[in-house]
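Scroll down for the structure; my scribbles are underneath it.
These figures come from a predicted structure and were not determined experimentally.
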Amino acid sequence: MPKTGEHNKWIALALCILLGYLGLHRFYEGKICTGILWLCTGGLLGVGIVIDAILIVMKPTNY
């Protein structure tokens, strides 16, 4: 069971792939400012979604 404040990378990856253009994976990770940026720009026009998905996969299991 993750400790308080830890996030499951697989949930973050699913949010990134399915709803990345809304920035929900950013909000889930606690990155509110970039979540708003992703929301306003459609995931940086899709480029940010791809980069975030790669970075999330490369993180340890529970970060």
Side-chain angles (χ1 to χ4, degrees):
M1 201 55 134
K3 296 178 187 174
T4 303
E6 290 185 2
H7 308 285
N8 188 316
K9 83 173 192 177
W10 301 113
I11 293 174
L13 181 63
L15 287 172
C16 182
I17 292 171
L18 299 174
L19 300 169
Y21 63 95
L22 295 175
L24 292 183
H25 62 290
R26 289 282 179 166
F27 291 113
Y28 175 74
E29 293 176 342
K31 301 174 182 176
I32 305 302
C33 291
T34 56
I36 294 170
L37 178 66
W38 257 241
L39 181 63
C40 293
T41 62
L44 295 177
L45 301 175
V47 175
I49 298 169
V50 174
I51 293 170
D52 275 354
I54 293 168
L55 291 175
I56 291 170
V57 168
M58 295 177 69
K59 287 183 183 178
T61 303
N62 286 319
Y63 55 95

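Contact record, L13 with A53: CD1-O, 3.9 Å, taken as the closest heavy-atom pair. Shown here for L15 and L24, the closest heavy-atom pair between the two residues is CD1-O, 4.1 Å. Shortest non-hydrogen contact noted between K9 and K59 is NZ-O, 2.9 Å. W38 approaches G20 most closely through the heavy-atom pair CD1-O, 3.4 Å. Across E29 and A12, no two heavy atoms sit closer than the pair OE2-CB, 3.9 Å.
Note: L39 CG to Y21 OH = 10.0 Å, rounded to the nearest 0.5 Å.
Counting heavy atoms from C-beta outward, I32 and F27 have side chains that approach closer than 4.5 Å.
Under a hydrophobic-cluster definition in which Ile, Leu, Val, Met, Phe, Trp and Tyr are linked whenever side-chain heavy atoms come within less than 4.5 Å, directly or via other members, V50 and M58 are assigned to the same cluster.
Here I51 is tied into one hydrophobic group with V47, L55, each link being a pair of ILVMFWY side chains closer than 4.5 Å.
Partner of H25 under the side-chain contact (heavy atoms from CB on, under 4.5 Å) criterion, chosen from I11, L19, I56: I56.
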